[in-house]
4 protein chains.
Amino acid sequence: MQIAMIGLGRMGANMVRRLLRAGHECHVYDVSPDAVAALVAEGARGAGSLEELVGGLDAPRSVWLMLPAAITGDTVTALLGALDAGDAIVDGGNSSYRDDIDRAEQAAAGGIDYVDCGTSGGVWGLDRGYCLMIGGPDRAVSRLRPVFSSLAPGVATAPRTPGRSGDPSPAEQGWLHCGPPGAGHFVKMVHNGIEYALMAAYAEGLNVIRNAGAGVRPPEADAETAPLRDPKYYPYDGIDLAEVAEVWRRGSVVGSWLLDLTAEALQADPGLDQFAGRVSDSGEGRWTSIAAIEEGVSAPLLTAALYSRFASRGSELFADKVESAQRLEFGGHVEKTGGPA
Amino acid sequence: MQIAMIGLGRMGANMVRRLLRAGHECHVYDVSPDAVAALVAEGARGAGSLEELVGGLDAPRSVWLMLPAAITGDTVTALLGALDAGDAIVDGGNSSYRDDIDRAEQAAAGGIDYVDCGTSGGVWGLDRGYCLMIGGPDRAVSRLRPVFSSLAPGVATAPRTPGRSGDPSPAEQGWLHCGPPGAGHFVKMVHNGIEYALMAAYAEGLNVIRNAGAGVRPPEADAETAPLRDPKYYPYDGIDLAEVAEVWRRGSVVGSWLLDLTAEALQADPGLDQFAGRVSDSGEGRWTSIAAIEEGVSAPLLTAALYSRFASRGSELFADKVESAQRLEFGGHVEKTGGPA
Amino acid sequence: MQIAMIGLGRMGANMVRRLLRAGHECHVYDVSPDAVAALVAEGARGAGSLEELVGGLDAPRSVWLMLPAAITGDTVTALLGALDAGDAIVDGGNSSYRDDIDRAEQAAAGGIDYVDCGTSGGVWGLDRGYCLMIGGPDRAVSRLRPVFSSLAPGVATAPRTPGRSGDPSPAEQGWLHCGPPGAGHFVKMVHNGIEYALMAAYAEGLNVIRNAGAGVRPPEADAETAPLRDPKYYPYDGIDLAEVAEVWRRGSVVGSWLLDLTAEALQADPGLDQFAGRVSDSGEGRWTSIAAIEEGVSAPLLTAALYSRFASRGSELFADKVESAQRLEFGGHVEKTGGPA
Amino acid sequence: MQIAMIGLGRMGANMVRRLLRAGHECHVYDVSPDAVAALVAEGARGAGSLEELVGGLDAPRSVWLMLPAAITGDTVTALLGALDAGDAIVDGGNSSYRDDIDRAEQAAAGGIDYVDCGTSGGVWGLDRGYCLMIGGPDRAVSRLRPVFSSLAPGVATAPRTPGRSGDPSPAEQGWLHCGPPGAGHFVKMVHNGIEYALMAAYAEGLNVIRNAGAGVRPPEADAETAPLRDPKYYPYDGIDLAEVAEVWRRGSVVGSWLLDLTAEALQADPGLDQFAGRVSDSGEGRWTSIAAIEEGVSAPLLTAALYSRFASRGSELFADKVESAQRLEFGGHVEKTGGPA
C-alpha cells in the first residue's frame, strides 16, 4: 500500500527499506536532502518538503513519523494543518504516550486518525523485523494492517507458543493493537523499562563473578574496615566472562537475545575497555517508573535499573558527599582516598 | 563412557536418560527402588546400595550426585569412604560453592577428585540439553568430557556468536570448566541470581500494564490520599497481557526463553488465578546477594528480586506494622482497611 | 496580626489555637459549623461562608487554607474571585508544588500573592510548634512573618548549630522562605520522602532483630529450599524490641523523634497486634520519587520506602503470581502453601 | 569498680576517661606506650604488656577490649590463656556477633565469661555517654553493671517515654542486656544498618532538592534523550541546603541527631567541597544485610544504603560498561561523554 515516512534516520530509513522490499509504495521526506536521495535511489519517492510529501499522496493518506521525541510535536502540528479528515498519522518514535493522548484528541477534532506505534528492534530491525505495539482508532489500524505485517518479523521467527492454534494472531506475527491512543507507546514504554532491568541483571551478575577473587587481594587491617570473614571463599580471580556469557546461551534459563549480544560484546572486547560506563537513558525507563508510582504499584527492579544509570553518570555525587560529611561529624572518620574499591 | 548417578529425581532421572540415549553406560542408585527400576527398564544398570553401586564400577570411577542440597553432604562423606584415589565425585545439584571448597579439600586429601557442576535446564533439559558450569581439577574434568558433551545442548542449539571461529569451544556446546573447586557452582549461583531478576523484571512490567487503568477507577477524596494528578493518562483498563507477552517474542529487545514461558503461562491462564503469589527461593539467589555484599559490589536488582520473593511470603508484615504504628503516633493516622490496592 | 483560616480539621484547628495563644486575630471558616463554633468558643471570629470570611477582613487580606489536597483547587478558584489585588492566599496543606506553580500564576494575574507553606508537625504541632517550609513572593512572606514566627517552634526548641551566631535566622526558629512559588511545598515534599525512608529504616531493622531466632526454627529439608548454612548464628529468639528501641534513644547515632515515637508504640503494644500492616501514603512520597526521576537523580531508598508501602497494600500480588507461574513452567515447581514465612 | 581496658584509640581512651570521672579504677594497656602514658597522666594505672595488665587485677577480673576487629581475635586468644575461671572479657569493639558466639564457646570451656558490647556514640561519647548493647552470661553482666551505668548517658538525657513508670530500666539509662553471647553485637550491627539508611535518606533528599533547578538548564535535543516534559516545574536553582537542614531541626517529623550533624556540616561547608564522596563501610552494614537474607526477611532500604556506599567507591563500573556495550550492540548507541549529569 501507499505510505509516507517522515524522518529517515537509522530507524526510519531501514523501515522504509523493509517496506520497499515488501512492495509498498513509500514516499519519504527528511530535513536532510541526502537522506531522501539515498532512499530514492533504492526505490522510494522523495519529497522536498512536508507539503510536497502530503500533496503526493492519495486520500486517505497515511503518514508515518520516525523522529526524535523533541521535534515530533511540532511536526504533528504542521501535519494536522496539511492533512484532511480520514487521513492518518502514525508516530513510530519514542514519544511519551501522554503526548499521544493529547495529540490524538487534537487530531480527532479534525477527523484525523492518530496512531501511536512503539517500535522495538533497533539497528537489527531491517533484517530481523520490528516488534510493533500499536494504539489508536480501529479504522486506521485496520487500514494500515499490510504495513504492520510487512514491518513485523512474522510468525516464523519464533516457535509457536503451546496452546495457540488456528491462524496466527497479529501478536504472533509481531504486531499488536494494544488499545486506544497511547496504548502502543505505553506498552513500548514498559517494554523498555523491562529492557533496562534485564540489561542490569546480566551486568550485575557478571560484575559479581568478576569480583569473585576478592579473597585473593591483600586484606585491609584498620579500625574502619572489617576483614573479609572467609577469604578462602573468594578465590576465583579471572573467571572468563566471555566464556560464561557464551555457555549461558545454550540450555540455561537465562538465555535471551540480550545475552547473545552481551556474549558478542565480551567476545570482541573482554574487558570492555572501550567503554567509560556512562549509561544513557532515553525516557521510557523514567516514564515506566513514574507510571508505577502513579498507579501505586511497586516496581523495585525497574526503578533500580533506572537509578543505576543515573548513578553511572554521577548523579549521586552530592549525596555521597553528605554521607562522608556525616561520618566525619559523628565518628571523626576521614574519607579514604584511592582507586575504585 | 561409564558413569554412576546417585539421585533419580526429576533432574537426575532425565540426565540418565539423556546419557543413555548418547550411548553411555549408566549405573544408577536412589533411596527409592522404584526410581531405580524405572531407569533399569530404560537400559541403566541398577544398584541396591551405594556400596553396590561403587563396587560395580571400573577404576577410575565417576560418581555423579543429583540430590537435594540438604542431604548431599552426608552422601559425599559416605562416598569418600567407599572410593579410591583417582576416582571422581561430581556434585550436579544446587550445593553452595562453599561446600564444594570444603568437600574438595577433604576429597583431595584422599586423592579423590571433587567436581562441582552447576546444572541449568530444569524439566526441559532432557530434550533441550543442560547448561553445565563446572569447577574442579583438570584431571577429572578432562576425563568426564564425553559426559559433559552429551548432557550439554550442543553448538547447533543457538546461532554462533559473531567473532567466534574454528572448532566450537566447550562453552559454545553448552558446558564450561569455570575454574577450581566451587567455581562451577559459583557461576551457577550467579546464573540463578540473574534468573530471579529477569523473572521479576517481566513480572513488574506486566503488573504496571495490568494497572494502567488506574485513572478509570473512582478516586478517593480524603485528607490522606492525594488524588491522581491526571487520571486521563491512565485509561488503559484491560490490556491483554497474554497478547503483550506474545508480541514481545518476535523482533523485540526483551525476547528470551523466560518470556516464551511467560507467554505460555498467560496464554493458558490469563489471570494466573491458580497461583497465590507465594514465590519460593532455593538458596542461590541468597548466596548471590551475599557474595555481592562480601565482595563489596553493588547488586541492587539481584537483591531486590530476592527481597521481593521474601515479601511475597509475608516477611515484611512486622515492618509494615511498625510504619503504621509510627503514622498513628505522629499524625494520628488510623490504618485504612480494605482489599488489595 | 489579622489572619483568616479556612479548614478547621486536626491541623487547621490546632494552628488557629496556637495563633490565638500568641495574640493574633483569627477569622475562621469551615464547611462544618460545629468546627467553626468550637474555635469561636476559644476566641476566634467565625464566618458562615467564604464570602463572609473575606468580607470581615481588612485589606491587604491574608487567607490561610488547611484543606485536603483534593478540594484545595476549587477553594482557591473561589477565593481568587473574592479577593483583591494585594491580598494573599497561603496554602498550608499537602498540595503538590506543581499546583502551587499553576495557581500562583493565576493569582499573580490578579495581583494576588500566592504563598505555599509546607507544614510538618502533625498532631503534636499545637504544643511543639510547626516546621514551616515556605514558597512565594517576598511581599507576602514578609507581611506574614509574625504568623510564621508564632506557628514555628522557636529557636529554643533545639540546641543551636555550632558555627551559627548573631540573631537566630528564621530557619533557626523553624520557618524558612525557600524560594519562589512551590518551593515551600517542594521542600516539604522531599521532607516527607525522607520521612518515609527514616520510618522504613527503623521498621526493617527491627524486623531483622525480630527474626534473629531463625536458626532455632526447624529447618525444611526438600529439594527447593536450601538449609540455613549455620543455624547456630541465629539463636536470638525473642529479643525485646521495645527495650531495643528504648536503649537507642540515648547516646546512639540513630536517635530521632521518630525513634522516640517508635519506642512509645512498642512500649504500649509490643507485638503491634492492633495493626494490619497496610501502610498508606499521602502523595508527597510519590512526588519526591517522581522529582528524582525527572531530575535524573538516583534515590533508591526514598523510592524503596514508597514501594514498600505499595507492597504492604498488595500491589505486588500479580507480579508474584507471574513469578510463580514462571517457576512452574521452567522447573515444574509447584507453589508452596502455608502461613507467612 | 576495677576494670581493665585494652586498646586506647579514639574510643577506648575516651571510655577510660568517662570511667575515671565516675570514680572507677582503670587499668590500661595499648601497643603504644604513649597512649598508655597519656591516660596514666589522667589517673589510670598503666601496664607495659597484656600479662602485666592481667597480673595487676583482682579476681574476678574484668578486661574490656576496644580494638580494631582485625586484631581482636588474637588478643582474645592471648587473654584466654592469661585469665582464670570466673574472669570476664568484654569486647566493646565492632566485632561480628558470629565471632562472639565462637569466642564465648571457647571462653566458657575455661569458665571465663565472654561479654559482647556494641558501643555507639563515636567521638561524642565522652560527654554524651555511650549507648551500650550487651550480650553474654548474666553473671558477668550483673557484675559489670556499675561500669555500664557510668558509660551510658543516663536517663536524664532524653524525655521519658510515655507509658514507662517506676525506676528507670537499664534501657532507659542507655544500656541493655539484649540476650546470650553475640546478642549485643547483633543489635549493634542492626543499629548500624539502620544508621546507614538514615544517613542515605537525608543524603538522597538533599540531593533531590539540590537538583530542583533541572528545568532551568538548557535541554538536550537528540534522538536519545527525551526532553524534560515540563521544565517549568523544575525552576528551583540554588535552594539553600544548610538552611533547609536547619529548619527541619525544629518541629518537623525528620528531626534527629544525624540531622543536627548534617546541618552543622552544611553550615560549615555548604558545597561539601572538602569531600570526594567515597563513603566507607565498616562491616556492620554488610552483616545486617546478610542477616536479613539468611533470615529470609526483606530489607530493601538497609541494603540500598550499603550498595550506595559500594557504588560511591566505583564498584559498579564494570556493570555500567556492560550496559553501555549492550546499548551499542542492539541500538548502535555510542556512549556519551561529558561531566556528571
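Order of the sequence lines sets the chain letters (A, B, ...), proteins ahead of strands, with each chain counted from 1. Excluded from the calculations below are hydrogen atoms, water molecules and symmetry mates; all remaining heavy atoms, backbone and side chain alike, are included. The structure displayed is predicted, hence computed values, not measured ones.
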Trainee: D320(A), L241(A), L328(A), T262(A): which one forms the most heavy-atom pairs within less than 4.5 Å of chain D?
Mentor: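 Top count of heavy-atom pairs under 4.5 Å with chain D: D320(A).
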Trainee: Which atoms of A268(A) come close to chain D, meaning under 4.5 Å heavy atom to heavy atom: side chain ones, backbone ones, both, or neither?
Mentor: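 The answer is neither part of A268(A).
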Trainee: Would Y202(D) and S256(D) count as a side chain to side chain donor-acceptor pair (under 3.5 Å) here? Give the steps.
Mentor: CA-CA 11 Å; Y202(D) 291 115; S256(D) 72; 2.7 Å; yes
Trainee: Is it the backbone or the side chain of R98(D) that comes under 4.5 Å from a heavy atom of chain A, or both, or neither?
Mentor: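 Both parts, backbone and side chain.
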Trainee: So which of A304(D), P300(D), G277(D) has the largest heavy-atom pair count under 4.5 angstrom toward chain A?
Mentor: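 Ranked by contacts with chain A, first place is G277(D).
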Trainee: Return the option, out of A311(D), G9(D), A200(D), with the maximum number of heavy-atom pairs under 4.5 Å with chain A.
Mentor: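 Option with the top pair count is A200(D).
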Trainee: What's the verdict on side-chain contact (heavy atoms from CB on, under 4.5 Å) for R210(A) and I239(A), showing C-alpha distance, side-chain angles and the deciding distance?
Mentor: CA-CA 7 Å; R210(A) 190 167 184 269; I239(A) 290 179; over 6 Å; no
Trainee: When only pairs under 4.5 Å are counted, which of V208(A), L261(A), D273(A) shares the most heavy-atom pairs with chain D?
Mentor: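 With the most close heavy-atom pairs to chain D, the winner is L261(A).
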Trainee: What residues, two or more places apart in sequence or in another chain, satisfy side-chain contact (heavy atoms from CB on, under 4.5 Å) together with E243(D)?
Mentor: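 With neighbours one apart ignored, the set is R164(C), S169(C), A171(C), L176(C), D240(D).
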Trainee: Report the distance from atom CG of N207(D) to atom OG of S315(A), rounding to the nearest 0.5 Å.
Mentor: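 Separation between the atoms: 6.5 Å.
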Trainee: Against chain A, label L67(D) side chain, backbone, both or neither, depending on which of its atoms sit under 4.5 Å from a heavy atom there.
Mentor: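 Neither part.
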Trainee: Could you tell me which portion of S308(A) (side chain, backbone, both or neither) has an atom closer than 4.5 angstrom to a non-hydrogen atom of chain D?
Mentor: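 Both parts, backbone and side chain.
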Trainee: The test is side chain to side chain donor-acceptor pair (under 3.5 Å); show your working for D99(A) and S95(A) and say whether it passes.
Mentor: CA-CA 7 Å; D99(A) 288 326; S95(A) 297; 5.5 Å; no
Trainee: Under a 4.5 Å cutoff for heavy-atom pairs, which residue among L266(A), L206(A), V322(A) has the most contacts with chain D?
Mentor: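 Top count of heavy-atom pairs under 4.5 Å with chain D: V322(A).
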Trainee: Within this structure, what is the CZ-CD distance for the pair R278(A) and E323(D), rounded to the nearest 0.5 Å?
Mentor: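 Separation between the atoms: 14.0 Å.
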Trainee: Among E264(A), Q274(A), E316(A), which has the most heavy-atom pairs under 4.5 Å with chain D?
Mentor: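 With the most close heavy-atom pairs to chain D, the winner is E264(A).
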Trainee: Is chain D contacted by the side chain of D269(A), its backbone, both, or neither, given a heavy-atom distance below 4.5 Å?
Mentor: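 Answer is neither: D269(A) stays 4.5 Å or more from chain D.
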Trainee: May I ask you to name which of G205(D), G125(D), A265(D) has the most heavy-atom pairs under 4.5 Å with chain A?
Mentor: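 Heavy-atom pair counts peak at A265(D).
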Trainee: Kindly indicate whether a cation-pi arrangement holds for R128(A) with W257(A), taking the cut-offs as under 6.0 Å to the six-membered ring centre and within 45° of the axis.
Mentor: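 The answer is yes; both the distance and angle limits are met.
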Trainee: Between G122(D), A203(D), S96(D), which shows the greatest number of heavy-atom pairs under 4.5 Å with chain A?
Mentor: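 Of the options given, most contacts go to A203(D).
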Trainee: Does the distance from a Lys or Arg side-chain N to an Asp or Glu carboxylate O, for K188(A) and D116(A), drop under 4.0 Å?
Mentor: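 Looking at K188(A) and D116(A), the cut-off is not met.
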Trainee: Pair S282(A), E284(A) - check side chain to side chain donor-acceptor pair (under 3.5 Å), show working.
Mentor: CA-CA 6 Å; S282(A) 60; E284(A) 290 91 348; 2.7 Å; yes
Trainee: Between A276(A), G93(A), G332(A), G271(A), which has the largest tally of heavy atom pairs under 4.5 Å with chain D?
Mentor: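 Among A276(A), G93(A), G332(A), G271(A), the one with the most close pairs to chain D is A276(A).
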